[in-house]
Amino acid sequence: MIVETGKVVALKGDRVWVQTIRASACQSCAARSGCGQKVLAAATGGRANQILVANTVSARVGDEVTIGIDEQALLGASLIVYAIPLLLMLVATVLGHQLSGGQDSGAMLAAAGGLGLGFLVVRKLQGPGKTGYEPRLVRVNRIHSENCL
């Protein structure tokens, strides 16, 4: 499971908004020298991200929490988001090229249509009620002590 620490900044019904900063993941990653994610984090100054997750651990505003997502879910979501649109774009390009008699303009129009169709398919696959690819709250990081005020 991939985990990240964040802070609850707002409640919304049975869900909470958790604010995280991505910089910590880049420090321990072996691919940090050749990764685009590190470049993006550096360009944004490690800006905070907010994510809406189900409040399964009774977190309150101000609590430090740990959120996590299974590696297989992340891999599956990445495959769906990237592979399906790309695959449909390539198939549509070949079909458009064949159906237009070898015209590049037909292939380009079909490629755009296939990419758009791929985005619609992905949206349908990850529609409302599908929580398998969502991060979840793992725990509230509270320190309980008699001596602390």
Side-chain angles (χ1 to χ4, degrees), residues 1-100 102-141:
M1 176 172 281
I2 299 169
V3 295
E4 183 69 42
T5 303
K7 186 174 186 176
V8 176
V9 293
L11 297 172
K12 184 179 181 182
D14 62 343
R15 302 181 134 225
V16 292
W17 283 101
V18 178
Q19 185 173 9
T20 64
I21 298 178
R22 276 186 283 182
S24 64
C26 294
Q27 302 306 324
S28 62
C29 180
R32 65 180 169 265
S33 62
C35 177
Q37 189 70 20
K38 181 183 178 198
V39 174
L40 286 174
T44 61
R47 263 189 260 168
N49 298 313
Q50 290 186 358
I51 185 167
L52 186 64
V53 295
N55 190 4
T56 57
V57 295
S58 302
R60 299 179 301 246
V61 174
D63 285 346
E64 184 178 293
V65 295
T66 300
I67 58 174
I69 187 168
D70 292 324
E71 289 94 350
Q72 293 300 325
L74 184 61
L75 182 63
S78 298
L79 187 63
I80 288 171
V81 168
Y82 291 111
I84 290 175
L86 182 62
L87 196 69
L88 288 175
M89 182 181 80
L90 290 173
V91 169
T93 302
V94 171
L95 287 174
H97 189 264
Q98 294 295 323
L99 294 175
S100 68
Q103 299 266 335
D104 287 343
S105 59
M108 288 188 299
L109 287 173
L115 186 63
L117 179 64
F119 289 145
L120 290 174
V121 168
V122 167
R123 181 132 178 128
K124 191 73 166 172
L125 288 174
Q126 296 182 337
K130 311 241 170 115
T131 60
Y133 300 116
E134 289 183 6
R136 63 180 186 270
L137 285 178
V138 177
R139 67 181 167 272
V140 176
N141 303 332

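In terms of heavy-atom proximity, Val8 sits nearest to Arg60 at CB-O, 3.4 Å. Taking each heavy atom of Gly114 and Ala92 in turn, the nearest pair found is CA-CB, 3.7 Å. Of all non-hydrogen atoms in Gly96 and Ala110, the two that sit nearest each other are CA-CB, 3.6 Å. In terms of heavy atoms, Ala59 sits closest to Val65 at CB-CG1, 4.0 Å. Considering every non-hydrogen atom in both Val138 and Ile67, the closest pair reads CG2-C, 4.0 Å. Across every non-hydrogen atom of Ala107 and Ser100, the tightest pair is N-OG, 4.4 Å.
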(Q) Between Lys124 and Val121, is the side chain to side chain contact (heavy atoms under 4.5 Å, CB included) condition met? List the steps. (A) CA-CA 5 Å; Lys124 191 73 166 172; Val121 168; 5.7 Å; no

(Q) Let's go through Thr66 and Asn141 carefully: what are the C-alpha distance in whole Å and the side-chain angles of both, what is the deciding distance for side chain to side chain contact (heavy atoms under 4.5 Å, CB included) to 0.1 Å, and is it a yes or a no? (A) CA-CA 7 Å; Thr66 300; Asn141 303 332; 3.1 Å; yes

Q) Run the side chain to side chain contact (heavy atoms under 4.5 Å, CB included) check on Val16 and Val53 step by step: do they pass? A) CA-CA 6 Å; Val16 292; Val53 295; 3.8 Å; yes

Q: Step by step, work out the side chain to side chain contact (heavy atoms under 4.5 Å, CB included) result for Val94 and Leu90.
A: CA-CA 6 Å; Val94 171; Leu90 290 173; 5.8 Å; no

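The CD1 atom of Ile84 lies 7.0 Å from the CG atom of Leu79; values are rounded to the nearest 0.5 Å. We find the CG-NZ distance between Leu52 and Lys12 to be 6.0 Å, quoted to the nearest 0.5 Å. With rounding to the nearest 0.5 Å, the separation of OG1 in Thr56 from CG in Leu137 is 5.0 Å. The OG atom of Ser58 sits 11.0 Å away from the CG atom of Asp14 when rounded to the nearest 0.5 Å. The distance from atom CD1 of Ile51 to atom CD of Glu134, rounded to the nearest 0.5 Å, is 8.0 Å. Rounded to the nearest 0.5 Å, atoms OG1 (Thr93) and CG (Leu115) are 9.0 Å apart.
A 4.5 Å side-chain heavy-atom check between Asn55 and Leu11 finds at least one atom pair inside the cut-off. Under the 4.5 Å side-chain criterion, counting only non-hydrogen atoms from C-beta, Pro85 is in contact with Val122. Using a 4.5 Å cut-off on side-chain heavy atoms (C-beta onward), Lys7 and Glu64 make no contact. Looking only at side-chain heavy atoms (C-beta outward), Glu4 and Val18 stay at 4.5 Å or farther from each other. Side chains of Arg123 and Leu120 form no contact here, defined as non-hydrogen atoms less than 4.5 Å apart. Proximity of Ile2 to Leu74: side-chain heavy atoms (C-beta onward) are separated by under 4.5 Å at one or more points.
Remark: the backbone N or O of Ala73 is not paired with any side-chain donor or acceptor of Asp70 at under 3.5 angstrom. Within the 3.5 Å criterion, the main-chain N or O of Met1 finds a donor-acceptor partner in the side chain of Glu71.
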